Amino acid sequence: MVINTHLNDGTPVCIRRVRKDDEQRLKDGIARLSPQSRYLRFFSGMPEVPPQVLQALVTVDGHKHIAWGALRSDLADTPALGVVHAFRDKDDPDTAEFSVAVIDEYHGQGLARLLCAVLLLDCAREGLDHLEVHILPENRPALALARSLGAEGRGYEDGVSQFEIDIPEALAALKAEADVPGIAAVFAQFADAVD
């Protein structure tokens, strides 16, 4: 399934499931993150993601690991602009750990919310009820996004804040989102593809 929509500034994007052959595209996208964004996303200042982490990010089965990426659809090389993941908890199969990353130059254009909408819709279809998200306290944009999705604090461990997101509540919040015009297309295209 490919979902075609646009960012707040009109930039066309296609959102599709991450595939094994996206490894280089994902590596290039991570390299385009600023050092600060890499630190906030991976909790490490590493300049490059280790091969085993990269391999895990592209090993997607659509059930235990659900991942979607956004590509710039008007450019010939369709570079990656952002990606969102949910890794199902082995001990609690109704819950998954959630993460999202967006290339710095596309921050503030609604892309994180578009990716979250697609992931949450897919997670709900896969029977997940909740997502867990771990955020560094200094990552204010991620905290704001999590709170806009109705995240509730669940603790603080090793310098990381832990939150839980109720998927139906988060989907309702996103569906009502007025500041991201591309959201309506995500819900419509996902519904058409599933029906």
Side-chain angles (χ1 to χ4, degrees), residues 1-3 5 15-20 22 26 40-44 49 52-70 82-102 110-137 139-177 180 182-195:
M1 169 186 350
V2 174
I3 297 172
T5 189
I15 301 173
R16 64 163 174 77
R17 287 183 176 91
V18 170
R19 305 183 304 232
K20 201 80 155 151
D22 286 326
L26 196 59
L40 292 174
R41 166 60 186 86
F42 295 103
F43 304 169
S44 165
V49 175
Q52 66 272 21
V53 172
L54 194 57
Q55 184 66 32
L57 292 174
V58 296
T59 304
V60 178
D61 66 2
H63 182 71
K64 292 178 186 171
H65 177 198
I66 300 167
W68 291 79
V83 67
V84 64
H85 295 269
F87 290 92
R88 195 179 288 262
D89 189 312
K90 294 175 196 162
D91 299 324
D92 180 3
D94 294 333
T95 301
E97 186 175 341
F98 158 74
S99 66
V100 62
V102 171
L111 183 54
R113 286 179 179 1
L114 294 172
L115 286 166
C116 288
V118 174
L119 182 80
L120 289 163
L121 286 162
D122 202 11
C123 285
R125 188 179 69 181
E126 286 297 316
L128 289 162
D129 296 326
H130 295 89
L131 295 177
E132 293 176 358
V133 60
H134 302 145
I135 303 172
L136 291 171
N139 191 346
R140 293 180 192 274
L143 290 169
L145 175 62
R147 289 187 179 117
S148 76
L149 298 174
E152 294 187 13
R154 292 291 183 238
Y156 183 81
E157 188 176 318
D158 298 326
V160 178
S161 299
Q162 301 168 347
F163 296 90
E164 183 176 274
I165 296 170
D166 179 86
I167 291 174
E169 286 179 23
L171 282 170
L174 284 168
K175 200 166 194 176
E177 182 72 55
V180 183
I183 287 274
V186 168
F187 277 91
Q189 289 185 49
F190 199 93
D192 289 346
V194 172
D195 291 341

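Small disclaimer: the values here were computed from a predicted structure and weren't measured. Residues: numbered from 1 along the sequence shown.
- When each of H63, H65, H134 is checked for a ring-ring contact (aromatic ring centres under 6.0 Å, His included) with F87, only H65 meets the rule.
- Taking 4.5 Å as the limit, every side-chain heavy atom of V186 sits out of range of all side-chain heavy atoms of L174.
- Heavy-atom neighbours of R154 CZ from other residues, nucleotides or ligands within 6.0 Å: above the threshold of 12.
- Side-chain atoms of R88 come within 3.5 Å of backbone atoms of P93 as a donor-acceptor pair (strictly under, hydrogens ignored).
- Side-chain contact between Q55 and K20 is present, with at least one heavy-atom pair separated by less than 4.5 Å.
- The structure places CG of L115 at 10.5 Å from CG of L120, a figure rounded to the nearest 0.5 Å.
- Here the NZ-CG distance, from K64 to D89, works out to 12.5 Å after rounding to the nearest 0.5 Å.
- Atom CG of L136 sits about 11.0 Å away from atom CG of D158, to the nearest 0.5 Å.
- Side-chain contact between E132 and D92 is absent, with no heavy atoms from C-beta onward closer than 4.5 Å.
- Taking every heavy atom of both residues into account, L149 and C116 meet most closely at CD1-SG, 4.2 Å.
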Q: Check the pair I167 / L128 against side-chain contact (heavy atoms from CB on, under 4.5 Å), numbers first and verdict last.
A: CA-CA 8 Å; I167 291 174; L128 289 162; 3.7 Å; yes

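- At a threshold of 4.5 Å between non-hydrogen side-chain atoms, the residues V118 and V84 do not count as touching.
- A173 and S148 get closest at one heavy-atom pair: CB-O, 3.5 Å.
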Q: Assess whether side-chain contact (heavy atoms from CB on, under 4.5 Å) is satisfied between E126 and I66, documenting all intermediate values.
A: CA-CA 9 Å; E126 286 297 316; I66 300 167; 3.8 Å; yes

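- Separation of atoms CZ (R140) and CD1 (I135) is listed at 13.0 Å; rounding is to 0.5 Å.
- The minimum heavy-atom distance between A86 and C123, with the atom names listed, is CB-SG, 3.8 Å.
- A donor-acceptor contact shorter than 3.5 Å is absent between the side chain of D122 and the backbone of L119.
- Two residues are said to be in side-chain contact when any heavy atoms from C-beta on lie closer than 4.5 Å; F187 and L171 meet this criterion.
- Among I183, L114, L111, the one residue that satisfies the side-chain contact (heavy atoms from CB on, under 4.5 Å) test with T5 is L114.
- One finds the CG atom of L145 at 7.0 Å from the CD1 atom of I165 (value rounded to the nearest 0.5 Å).
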